[in-house]
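Heads up, the thing below is written out as structure tokens.
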Amino acid sequence: MSVVKISLPDGSVREFPQGVKGSEIAQSISEGLARMALSIEVNGEIWDLSRPITTDASIKIFTWNDKGGKYAFWHSSAHLFAEALEALYPGVKFGIGPPIENGFYYDVDLGDQPFGDDELLAVEKKMIELAKANNPFVRSDVSKKEALEYFRAKGDEYKLELIEGLQDGSITFYKQGNFTDLCRGPHVPATGVIKAIKLLSVAGAYWRGNEKNKMLKRIYGITFPKAKELEEYLHVLEEAKKRDHRKLGKELELFAFSEKVGMGLPLWLPKGTILRERLEQFMRRAQIRSGYDPVVTPHIGSKQLYVTSGHYEKYGKDSFQPITTPDVGEEFLLKPMNCPHHCEIYKTKPRSYKDLPIRLAEFGTVYRYEQSGELHGLTRVRGFTQDDAHIFCRPDQVKEEFIKVIDLVLLVFKSLGFDNYTAQVSLRDPENKQKYIGEDAQWDKAEREIQEAADERGLKTVAVQGEAAFYGPKLDFMVRDALNRSWQLGTIQVDYQLPQRFELEYVGSDNQKHTPVMIHRAPFGSLERFVAVLIEHCAGNFPLWLAPEQFAILPISEKFNEYGKRILNALRDKDIRGLLDDRDEKIGRKIRDSEVKKVPYMFIIGEKEVAENKITVRKHGGSDLGAFTLDEFMSQFGSDFALPS
RNA sequence: GCUGUUGUAGCUCAGGGGUAGAGCACUUCCUUGGUAAGGAAGAGGUCGAGAGUUCAAUUCUCUUCAACAGCUCCA
């Protein structure tokens, strides 16, 4: 009998009979591994443990601790779900059902049947029953013809459509129990490994992600090998909800929405405004240091301005409609972008190559008609403020300027402790070039420059096609929120188009007119979204320099309110923000209330403190730092109250 | 925009065909205190809005608005 050489991850090579299965290899390594094994990587491809290996290969056995193991587990769970659903709803049609980062989903067509929480529970129960049956997942190769026949007989047009797109000879089915599905695999050996099951939610999803197609029901679920792991996962979800900026924003009185004002139009409350203004101060200072010139432009602009920029053609009809003047019928748009205004500032006088780069910065509030279903707390709103700036430079300055902006973005992230961001190079969709303006050569150049700048700063980047702006590629900084949703914060964009459209020029050293290059950039992105992500990042425990209330003075009794007032005024003179809690409450109560409000410092004053002219300092979270005079406290901790340098 | 779920006091939520309830917050009084909720009393709601069914609707039906989850979109 012939043998195959199997290389294991530890570098050792073992011989097995040809056709050996992953499960047998696992068994030969150890009983424990065999029990834990879920799938196997064979020459870089993830396989079922039951699939015979017929050639020499390097392999790795995957368990629950590997991504490859989890994916097989959740992929199999999706099939288990489908089996349970079909058992309860005969005739249901299936779309796709992949594993995802946390669990799996399956898109299904249930016709007009309602499907809510009760139905989820019923299917969940059926799944548990079928898991206990411990049916093996059986892989089989089928011809395209057989595959089409099977699903034609079943009347599942979605699967038929999927099969049409596949190549004959590469089609496999998987069967467990009474359920057969078109599937590439891999799967776990049998349903029995799935012990804990939770169907999480139902949502709509267009077939193949296309708005014009029928909307299917997408059912999300998650499963685990142990009940305890499911409990832990659900607990983590609960904890994440506590960090949600919409919840904390309400509790900490940072911002609010009003139906009367309009959806997606945030109202910044006094405490939220302090937070936001501190961020602005931080950015203003950083920008002045980096050679930016602040400018201010109005909230509306002539429609013609956006026709010129191309924004009107691209977004005009789906946007807030123009405001028309009563007499002459002149049309104005609520400013959706600051860049056209800044282009016009550039044009106010002739520019020399010696003047460049010119960096125009503005905290510009813009209005965009976002789809109603997209509005989400502060992360997606219809009126928001960008920390926007446009750098007008010569072609030879693009890379250097781009790198400087990267540094600015990284300064922001570092100052706020954002360490798990991703840098995304957002490129054109090569299939859909008509979505963009400009010529290929300029796009290629811009895309190259962005990648080079990012590489030069050692940024790890992920390139994503189809994510560019219509006028140019971008470097986007993505951060995840408490619920693991990804948001774009900072963005840097190279633009060869708008300078042409606005006929911007400068006189070069050759005394000829040249077109400058524009870099759009916003390190925060929008203040609204940035604050939202910041709230979730620190769970409302803001760094001292940002905290709306940096301290609370807590007198032991009303007798010490006068002394408290003196301390309050002394601290305010030092530009430190806080309040005096002079309510008729006991100290325990005052401490609790300040703790709940996440006030960083509590200054407790009573008979002893008045006598010694001191304050007793308690930090948020409970640590007692002892008694200080104000001067002692300020010399020791004072610098933390100021903007970070 | 699409699919689904939800909408009761400032907040968190219970209830349910016969014109509403809790805790916290709020107001007043008592209490003058030492590191996460002192005590008592009081006030507060067109049950998201509109229409229909009914003797009677906050409850049932429809429409609409908004929020939430996801999809699509995102200058």
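Proteins come first, then strands; the chains are lettered A, B, ... in the order of their sequence lines, and each starts at number 1. Since the structure is predicted, the reported quantities are computational estimates derived from the model, not experimental observations. Values reported hereafter were calculated over all heavy atoms of this structure, with side chains retained and with hydrogens, waters and symmetry mates removed.
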Check every atom of [options] against the side chain of [X] and return the nucleotide holding the closest atom.
X	options	result
R246(A)	C68(B), G33(B), C2(B)	C68(B)
R218(A)	C71(B), G33(B), A75(B)	C71(B)
S319(A)	G33(B), G70(B), A75(B)	A75(B)
Y471(A)	A75(B), A36(B), G38(B)	A75(B)
S372(A)	A66(B), G1(B), A69(B)	G1(B)

Can you tell me the distance, in whole Å, between the [atom1] atom of [X] and the [atom2] atom of [N]?
X	N	atom1	atom2	result
D107(A)	C2(B)	CG	C1'	14 Å
Q386(A)	C74(B)	CD	P	16 Å
L200(A)	C68(B)	CG	P	19 Å
K214(A)	C71(B)	NZ	P	20 Å
I219(A)	A69(B)	CD1	P	19 Å
E558(A)	G38(B)	CD	P	15 Å
K559(A)	U31(B)	NZ	P	13 Å
L269(A)	C11(B)	CG	P	13 Å

Applying a 4.0 Å non-hydrogen cut-off, can you work out what [X] is touching in the nucleic acid: base, sugar-phosphate, or nothing?
X	result
R380(A)	base
H520(A)	nothing
E467(A)	nothing
Q488(A)	nothing
Y220(A)	sugar-phosphate
R529(A)	nothing
E585(A)	base
S594(A)	nothing
I604(A)	base
M263(A)	sugar-phosphate
Q371(A)	base
G606(A)	base
K250(A)	sugar-phosphate
K314(A)	nothing

Same-atom distance ([atom1]) from [N] to [M], integer angstrom:
N	M	atom1	value
G18(B)	C47(B)	C1'	16 Å
G23(B)	G44(B)	C1'	15 Å
A49(B)	U59(B)	P	10 Å
A66(B)	G50(B)	P	16 Å
C62(B)	U6(B)	P	13 Å

Counting Watson-Crick and G-U wobble pairs only, both distances under 3.5 Å, name the nucleotide matched with [N], or none.
N	value
C47(B)	none
G7(B)	C65(B)
A56(B)	none
G70(B)	C2(B)
A22(B)	U12(B)
C29(B)	G39(B)

Carboxylate-amine/guanidinium proximity below 4.0 Å for [X] and [Y]:
X	Y	answer
D444(A)	R428(A)	yes
K93(A)	D156(A)	no
E251(A)	K247(A)	yes
E401(A)	R359(A)	yes

Exercise. Does R480(A) use its side chain to pair, donor to acceptor, with the backbone of V533(A) at less than 3.5 Å?
Worked result: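 Pair absent, no side-chain N/O of R480(A) close to backbone of V533(A).
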For this session: Check the geometry between Y315(A) and A75(B) and answer yes if their rings are stacked (centres below 5.5 Å, planes below 30°), otherwise no.
Result: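 Yes, Y315(A) stacks on the base of A75(B).
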Exercise. Got a sec: does the CD of E562(A) have more than 12 other heavy atoms crowding it under 6.0 Å?
Worked result: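 12 or below, so no.
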Exercise. Does a sphere of radius 6.0 Å around NZ in K212(A) hold more than 12 heavy atoms from other residues, nucleotides or ligands, not counting ones at 6.0 Å or beyond?
Worked result: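 Not more than 12 within 6.0 Å, no.
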Exercise. Of G373(A) and G621(A), whose nearest nucleotide on RNA chain B comes first from the 5' end?
Worked result: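 It is G373(A) whose nearest nucleotide is closer to the 5' end.
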Exercise. Taking for each residue the nucleotide of RNA chain B bearing the nearest heavy atom, is the 5' side occupied by L375(A) or by L216(A)?
Worked result: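 Mapping each residue to its closest nucleotide by heavy atoms, the 5'-most match is L216(A).
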Ignoring hydrogens and angles, are the base of [N] and the side chain of [X] linked by a donor-acceptor pair under 3.5 Å?
X	N	result
D584(A)	G33(B)	yes
E609(A)	G34(B)	yes
R208(A)	C71(B)	no

For this session: Flag the pair H390(A) / Y346(A) as yes when their ring centroid distance falls below 6.0 Å, and as no otherwise.
Result: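 Between H390(A) and Y346(A), the centre distance exceeds or equals 6.0 Å.
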Problem set entry | Residue pair L305(A) / E344(A): nearest heavy atoms and the distance that separates them |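 Closest approach of L305(A) to E344(A), heavy atoms only: CD1-CG, 3.9 Å.
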